[in-house]
Amino acid sequence: MGKDVSLYEIFQRLFERFGPQHWWPGETPFEVLVGAVLVQNTAWSNVEKAIERLREAGLTNPKALYSVPETELEELIRPAGYYRIKARRLRNLLRFCIERYGGSLERMFRTPLKELREELLSINGIGPETADSILLYAGNLPTFVVDAYTHRIFARHGWVDFDIDYHTLKDYFESQLEPDTALYNEFHALLVKLGKDYCHKKQPRCEECPLREYLPEGGPYEPV
DNA sequence: CTCCGGCGAG
DNA sequence: CTCGCTGGAG
C-alpha cells in the first residue's frame with residue numbers, strides 16, 4: 001500500500017497550487033464541535049446558516065445549547081438538513097460534554113487523545129470522521145481526518161485499495177507523517193479542496209489536476 | 001443495504 | 001429537473 005508515494009510530496013503539490021485553506025480558524029471550539037455534527041454528508045454552506053442561527057440566539061456553549069428543547073433545536077438547525085436526526089446527535093454530544101466534563105471543552109480536550117477518541121466514538125451519532133474532526137479542528141489534537149474525498153483521490157491514483165476501511169487509511173497517513181496538528185489540519189483541507197474542484201465523483205478533471213503527474217497510465221483507477 | 005433532508009450548482 | 005454534499009445508524 002502506498003507504493004512509492006511520499007505524502008509530504010503530495011501535500012507540497014497541493015499547497016503550492018491552493019495555498020492555505022484556513023479551516024475553522026476564527027470560530028470557537030464550540031462552533032467547530034457543533035459544525036462537525038451538522039456537516040455530516042452536507043455542504044458546508046448549509047451548515048454555516050445553522051451555525052449563524054445558533055450564534056444569533058446566543059447559544060454559544062454546551063449548557064446553553066442543551067437547554068434548548070429538541071423540537072426548537074430542530075428548527076434552528078434546519079438549513080443543515082437531516083435536522084431531526086442531527087438534533088438528537090448534537091444533544092447526545094452536548095450531554096456527554098456536560099456530564100463528563102462539566103460543559104468545559106477546555107477540560108475535555110485536555111484528555112489524552114486516544115482516550116477522548118474512544119469516548120467520542122461511544123456516543124450515538126459520532127462516527128470516526130466526526131470524532132476525528134472534533135479532535136483535530138476543535139481540540140487541536142494530532143489525529144488525521146479521513147473522508148470520502150481522501151478515499152476517492154488515493155484509490156483513483158492506485159495508492160490504496162478501493163475497499164480500504166477508515167482506520168487503515170487513517171493509519172496509513174499517520175504512519176508516514178509526523179504527528180503535527182497544523183499539517184493534519186491543512187492536509188485534510190487541501191484534499192477536500194481537490195475533491196470538490198477536481199476529483200469529482202463523475203468526470204474528474206485530471207488534465208488540470210495538481211496531481212496529474214501521478215495519474216496512472218490510461219486514467220484513474222475505478223472501483224471494481 | 002436503506003434512510004435521513006435541506007440546499008445550491010449545473 | 002437531477003446530483004452530490006467535509007456520515008452514521010439501524
Side-chain angles (χ1 to χ4, degrees), chain A residues 11 14-15 18 20-27 29 31-54 70-96 117-141 143-156 162-170 173 181-205 222-223:
Chain A
F11 174 81
L14 297 175
F15 191 79
F18 299 134
Q21 299 298 298
H22 49 77
W23 261 31
W24 282 324
E27 300 175 4
E31 288 188 1
V32 176
L33 178 110
V34 171
V37 172
L38 296 183
V39 80
Q40 290 174 359
N41 206 36
T42 300
W44 181 253
S45 56
N46 294 341
V47 177
E48 283 189 309
K49 297 176 186 173
I51 299 268
E52 180 60 27
R53 287 206 200 189
L54 299 178
E70 190 160 320
T71 52
E72 287 183 33
L73 181 59
E74 288 177 359
E75 288 309 310
L76 282 167
I77 66 173
R78 190 160 187 160
Y82 301 103
Y83 54 92
R84 269 174 265 159
I85 192 163
K86 282 179 181 174
R88 207 173 343 120
R89 289 177 178 182
L90 195 47
R91 285 175 60 79
N92 290 342
L93 175 57
L94 295 170
R95 193 184 321 118
F96 164 79
R117 188 172 192 274
E118 287 309 309
E119 290 182 347
L120 290 172
L121 288 175
S122 72
I123 301 168
N124 188 303
I126 308 299
E129 186 177 339
T130 305
D132 286 327
S133 294
I134 291 169
L135 293 165
L136 178 63
Y137 290 103
N140 288 308
L141 298 171
T143 189
F144 201 90
V145 179
V146 165
D147 70 340
Y149 289 132
T150 312
H151 175 268
R152 188 191 304 163
I153 292 163
F154 276 68
R156 278 178 170 173
F162 273 96
D163 59 3
I164 191 171
D165 60 48
Y166 185 96
H167 285 94
T168 309
L169 187 51
K170 172 187 171 62
F173 277 86
T181 296
L183 173 64
Y184 288 3
N185 181 322
E186 196 64 53
F187 206 159
H188 173 67
L190 288 167
L191 288 170
V192 172
K193 174 74 173 171
L194 186 75
K196 288 177 67 171
D197 294 353
Y198 294 89
C199 205
H200 297 156
K201 192 162 190 175
K202 294 180 176 179
Q203 294 184 316
R205 304 166 55 196
E222 292 170 19

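Worth knowing before you read on, the calculation uses all heavy atoms, side chains too, and leaves out hydrogens, waters and symmetry mates. Residue numbers begin at 1 in each chain, while the letters A, B, ... track the order of the sequences.
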message = Applying a 4.0 Å non-hydrogen cut-off, can you work out what A/Lys86 is touching in the nucleic acid: base, sugar-phosphate, or nothing?
response = nothing

key: Modelled atom types, side-chain donor and acceptor of A/Asn92 and A/Arg95, under 3.5 Å   = yes

remark   = A/Trp44 atom CH2 is separated from C/dG7 atom P, nearest whole Å, by 11 Å

ask   = Of the nucleotides C/dG4, C/dT6, C/dG8, which one has an atom closest to the side chain of A/Asp147?
value = C/dT6

message = Using the ring-ring contact (aromatic ring centres under 6.0 Å, His included) criterion, which residues pair with A/Phe11? Sequence neighbours excluded.
response = A/Phe15, A/Phe187

Distance-only donor-acceptor hits, side chain of residues 42-51 of chain A, under 3.5 Å, sequence neighbours excluded:
residue, atom, partner, partner atom, Å
A/Thr42, OG1, A/Gln40, O, 2.8
A/Thr42, OG1, A/Ala80, O, 3.4
A/Thr42, OG1, A/Lys86, NZ, 2.7

query = Please give, in whole Å, the distance from C/dG10 P to A/Gln40 CD?
reply = 13 Å

message = Regarding A/Arg53, tell me which of base, sugar-phosphate or nothing describes its non-hydrogen contacts under 4.0 Å with the strands shown.
response = nothing

request  = Check the distance between B/dC4's P and A/Glu74's CD and give it to me in whole angstrom.
outcome  = 14 Å

request  = Please state how far atom CZ in A/Arg88 lies from atom P in B/dC3, giving the value in whole angstrom units.
outcome  = 16 Å

query = Between A/Tyr166 (side chain) and A/Val146 (backbone), is there a donor-acceptor pair under 3.5 Å?
reply = yes

key: Length of the CD1-C1' vector between A/Ile85 and B/dT2, whole Å   = 12 Å

note = Between the CD atom in A/Glu75 and the CD atom in A/Glu70, the distance rounded to the nearest 0.5 Å is 12.0 Å

query = Contact class for A/Leu191 vs. all strands (heavy atom < 4.0 Å): base, sugar-phosphate, or nothing?
reply = nothing

key: 5' precedence on DNA chain C between A/Asn124 and A/His200 (nearest-nucleotide basis)   = A/His200

key: Inter-residue atom distance A/Arg117.CZ - A/Asp132.CG, 0.5 Å rounding   = 4.0 Å

inquiry  = Strictly below 4.0 Å: does A/Lys196 bring a side-chain N or O up to OP1 or OP2 of C/dT6?
reply    = yes

A/Ala148 side-chain proximity, nearest of C/dG7, C/dT6, B/dG6 = C/dG7

ask   = Across the strands shown, which category fits A/Ala80 at heavy-atom distances under 4.0 angstrom: base, sugar-phosphate, nothing?
value = base

message = By nearest atom, which of the nucleotides C/dG7, C/dG4, B/dG6 is closest to the A/Asn41 side chain?
response = C/dG7

request  = Quickly work out the A/Leu38 CG to B/dG6 P distance and round it to whole Å.
outcome  = 15 Å

message = Please give the distance between the C1' atoms of C/dC5 and B/dC4 as a whole number of Å.
response = 13 Å

message = For a quick test of reading the model: is some side-chain N or O of A/Arg152 closer than 4.0 Å to OP1 or OP2 of C/dC5?
response = yes

query = Would you say A/Leu93 and A/Val34 make side-chain contact, with heavy atoms under 4.5 Å?
reply = no

key: Distance-only side-chain donor-acceptor flag, A/Asn140 / A/Thr181, under 3.5 Å   = no

ask   = Taking the P atom of each, how far is C/dT6 from B/dA9, in whole Å?
value = 13 Å

task = Would you classify A/Gly81 as touching base, sugar-phosphate or nothing, given that sugar-phosphate means primed atoms plus P, OP1 and OP2, and contacts are heavy atoms under 4.0 Å?
result = base

query = Using a cut-off of less than 4.0 Å, is there contact between a side-chain N or O of A/Thr130 and OP1 or OP2 of C/dG8?
reply = yes

task = Would you indicate which nucleotide in C/dC3, C/dT6, C/dG7 comes nearest to any side-chain atom of A/Ala43?
result = C/dT6

message = By the 4.0 Å heavy-atom rule, please label A/Leu136 as base, sugar-phosphate, or nothing.
response = nothing

request  = Tell me whether A/Tyr137 is stacked on the nucleobase of C/dT6, counting only the six-membered base ring and applying the 5.5 Å and 30° thresholds.
outcome  = no

request  = Rounded to the nearest angstrom, tell me the gap between atom CD in A/Glu129 and atom C1' in C/dT6.
outcome  = 6 Å

message = Rounded to whole Å, how long is the line connecting atom CZ of A/Arg89 with atom C1' of C/dG10?
response = 10 Å

query = So, A/Glu129 side chain and A/Val145 main chain: donor-acceptor pair closer than 3.5 Å or not?
reply = no

Could I get a table of every N or O pair under 3.5 Å where one atom is in the protein and the other is in nucleotides 8-10 of chain B?
residue, atom, partner, partner atom, Å
B/dG8, OP1, A/Lys49, NZ, 2.2

